[in-house]
2 protein chains.
Amino acid sequence: MDRATEIRKTAISLFAEQGYRGTSMKDIASALNMRAPSLYNHLESKQELLREVVMGTITRLRADFDAATSEASDPVDAVRRATAVHVLLHARHPDETRIGNREIPSIDEPVRTEYLRQRAEYSNAWQSLVQTGIDAGAFSVPSPKFAVFAILEMGIGVANWYRPDGELSDVEIGAYFGELALQMLGRHDEGFGGK
Amino acid sequence: MDRATEIRKTAISLFAEQGYRGTSMKDIASALNMRAPSLYNHLESKQELLREVVMGTITRLRADFDAATSEASDPVDAVRRATAVHVLLHARHPDETRIGNREIPSIDEPVRTEYLRQRAEYSNAWQSLVQTGIDAGAFSVPSPKFAVFAILEMGIGVANWYRPDGELSDVEIGAYFGELALQMLGRHDEGFGGK
DNA sequence: CCTACCGATCGGTAGG
DNA sequence: CCTACCGATCGGTAGG
């Protein structure tokens with residue numbers, strides 16, 4: 001692993017643990033037995049490190065969603081797969097996703113606005129997916145908008161409590177939460193979008 | 001409203017918007033047309049403001065839980081009520097709850113450890129409540145521990161999207177999420193804890 | 001409630 | 001990759 005990558009890994013770990021503003025360039029350098037000014041041979045600014053983390057994570061989340069839903073055979077399957085990849089990203093990259101959720105005020109403009117726009121697009125894609133399922137008669141839910149918020153937030157929360165040595169693996173939690181999501185959407189019996 | 005209260009309200013609003021470390025004492029003072037040193041006539045330190053917010057919020061959350069569950073007639077009713085008060089606190093105090101969830105790294109020791117201990121106790125009380133329901137035959141759930149995490153996190157998330165002018169009121173969302181929680185726990189039909 | 005001020009720390013640059 | 005250093009900002013104190 002080259003130095004630039006080591007620096008980024010260390011920064012992500014420290015930002016997640018101490019917060020972006022609670023982590024100094026000296027902290028990052030010390031963890032690598034370097035001096036702070038030497039870091040600048042590998043990066044432009046501290047803010048660049050944050051930007052790479054948050055934009056990389058939202059890009060990955062949206063790509064995973066698109067891949068998962070395009071493989072699906074029907075809305076029920078699509079929700080199951082989308083929930084699973086949403087949960088998996090948060091279980092496997094808890095530091096990155098926590099930074100993306102907690103450090104919004106630390107992102108400088110214009111990146112912050114762009115980041116929030118991408119998050120809104122992700123949320124909108126979920127709303128559309130569920131609406132498609134409702135139109136197809138696959139779901140029955142009093143408030144689809146709030147049900148989607150609930151599904152997304154419960155998946156985001158996985159980053160706060162998932163432990164690799166816990167009783168369920170990340171894949172099992174993804175599958176389990178997929179079923180919970182379908183319950184919350186009032187999935188009709190067979191799950192083939194027909195009824 | 002006296003000055004000390006105004007300062008605390010302003011601080012909560014700014015901490016939620018800009019982060020604790022992204023908010024200077026000068027920012028708080030400027031919002032009140034004061035100079036930063038004058039704030040110290042009404043408080044001991046910036047950290048005191050953070051401590052009051054996070055400890056006050058977790059204390060309130062635990063008290064609401066205790067009140068809600070002690071009024072309940074059976075485990076199903078208890079979960080419904082506990083979910084409602086959990087959601088209500090997050091909908092009505094989004095700034096305070098967001099600070100409590102995002103600013104953990106900014107809380108100085110020994111308060112941070114005490115705060116995390118109280119959060120763990122709240123989570124444990126929820127686990128016990130659900131276990132009581134399982135023992136009484138009221139719920140059927142493959143992984144009660146993860147179902148409780150999911151319920152709590154979906155309620156915490158309400159602070160991130162609830163708007164008072166939205167299509168459902170806070171009380172309606174509390175009731176709705178209470179039903180979602182019972183679905184997630186596999187509530188048996190009549191909900192009287194018997195079967 | 002103010003002005004004047006302090007020591008500490010910060011992100012980042014110069015120059016080698 | 002280092003030392004030396006810069007201007008800016010921070011939380012907080014002194015003294016009135």
In whole Å, what is the span from the [atom1] atom of [X] to the [atom2] atom of [N]?
X: A/L50; N: C/dG11; atom1: CG; atom2: P; result: 13 Å
X: A/L32; N: D/dC1; atom1: CG; atom2: C1'; result: 13 Å
X: B/D2; N: C/dC1; atom1: CG; atom2: C1'; result: 16 Å
X: B/N41; N: D/dG16; atom1: CG; atom2: P; result: 16 Å
X: A/R21; N: C/dT9; atom1: CZ; atom2: C1'; result: 15 Å
X: A/L39; N: C/dT13; atom1: CG; atom2: P; result: 13 Å
X: B/L49; N: D/dG12; atom1: CG; atom2: C1'; result: 13 Å
X: B/M25; N: D/dT13; atom1: CE; atom2: P; result: 10 Å

From the set [options], return the single nucleotide nearest to any side-chain atom of [X].
X: A/P37; options: D/dA4, D/dG12, C/dG11; value: D/dA4
X: B/M34; options: D/dC1, D/dT13, C/dC2; value: C/dC2
X: B/R35; options: C/dT3, C/dG12, D/dC2; value: C/dT3
X: A/S24; options: D/dG11, C/dA14, C/dC10; value: C/dC10

I need the A/I151 CD1 to A/W126 CH2 distance, nearest 0.5 Å.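 The distance works out to 5.5 Å.
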Are any of the side-chain nitrogens in B/R81 or B/D77 under 4.0 Å away from the carboxylate oxygens of its partner?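 A salt bridge links B/R81 with B/D77.
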At less than 4.0 Å, is any side-chain N or O atom of B/R3 found next to OP1 or OP2 of C/dC1? Yes or no.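 Indeed, a polar side-chain atom of B/R3 lies that close.
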With nearest nucleotide decided by heavy atoms, which residue, A/E44 or A/D27, maps closer to the 5′ end of DNA chain C?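 In this pair, the answer is A/D27.
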Is atom CD of B/E44 surrounded by more than 12 heavy atoms (other residues, nucleotides or ligands) closer than 6.0 Å?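 Check fails, neighbour count at 12 or below.
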Counting C-beta onward and ignoring hydrogens, is there a side-chain heavy-atom pair between B/F139 and B/M184 closer than 4.5 Å?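 No; the side chains remain at least 4.5 Å from each other.
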Under a 3.5 Å cut-off for both contacts, is C/dG15 paired Watson-Crick or G-U wobble with anything, and if yes, with which nucleotide?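 Answer to the pairing question: D/dC2, which forms a Watson-Crick or G-U pair with C/dG15.
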With a 6.0 Å cut-off on ring centres, are B/Y176 and A/F146 close enough?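 When the ring centroids of B/Y176 and A/F146 are compared, they turn out to be at least 6.0 Å apart.
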